Amino acid sequence: MINKAFSCCLTLTLLLVSVLANAQQQDTESGAVNQFFRSNGKIYVIVGVLVIIFLGIILFLINLDRKITRLEQREKNNP
């Protein structure tokens, strides 16, 4: 169960990194909103908030997986 959660988190992390890298490459020249955020330095705040939210989701999923595994173990031991 933990291996599934770990592989899911790893996949989501790689997806997030690839999306962020792709967003950095595509919008470097155009987009009024993007230029606004870059000129004020707010793009790093946005990326930071997204990373914090993503890490919170990952920690929640890992905690939930551990609780479910514990309940499954209890069910196996007490039929």
Side-chain angles (χ1 to χ4, degrees):
M1 210 51 154
I2 291 177
N3 289 334
K4 286 183 179 180
F6 179 73
S7 66
C8 181
C9 291
L10 183 63
T11 303
L12 289 175
T13 303
L14 291 175
L15 180 66
L16 178 68
V17 168
S18 67
V19 167
L20 288 175
N22 193 19
Q24 292 287 331
Q25 289 177 353
Q26 286 182 352
D27 294 332
T28 57
E29 298 174 3
S30 64
V33 174
N34 191 21
Q35 288 179 354
F36 174 74
F37 283 127
R38 285 184 187 274
S39 67
N40 292 336
K42 301 288 184 189
I43 192 75
Y44 299 112
V45 174
I46 292 171
V47 171
V49 169
L50 289 175
V51 168
I52 289 170
I53 290 171
F54 187 72
L55 289 176
I57 290 171
I58 289 174
L59 290 176
F60 173 74
L61 288 175
I62 289 172
N63 190 20
L64 186 65
D65 184 53
R66 286 183 182 170
K67 286 181 180 179
I68 291 173
T69 303
R70 210 175 307 141
L71 286 173
E72 287 175 349
Q73 293 292 331
R74 191 181 305 166
E75 274 299 312
K76 282 184 181 178
N77 293 337
N78 297 326

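Computed from a predicted model, the values in this text were never measured in an experiment.
Distance check: Ile62 CD1 to Lys67 NZ gives 13.5 Å after rounding to the nearest 0.5 Å.
Take Leu64 and apply the side chain to side chain contact (heavy atoms under 4.5 Å, CB included) test, not counting sequence neighbours, and it matches Phe60, Ile68. For Ile53, the side chain to side chain contact (heavy atoms under 4.5 Å, CB included) criterion is met by Val49, Ile57, not counting sequence neighbours.
Counting heavy atoms from C-beta on, the side chains of Val51 and Leu55 come closer than 4.5 Å.
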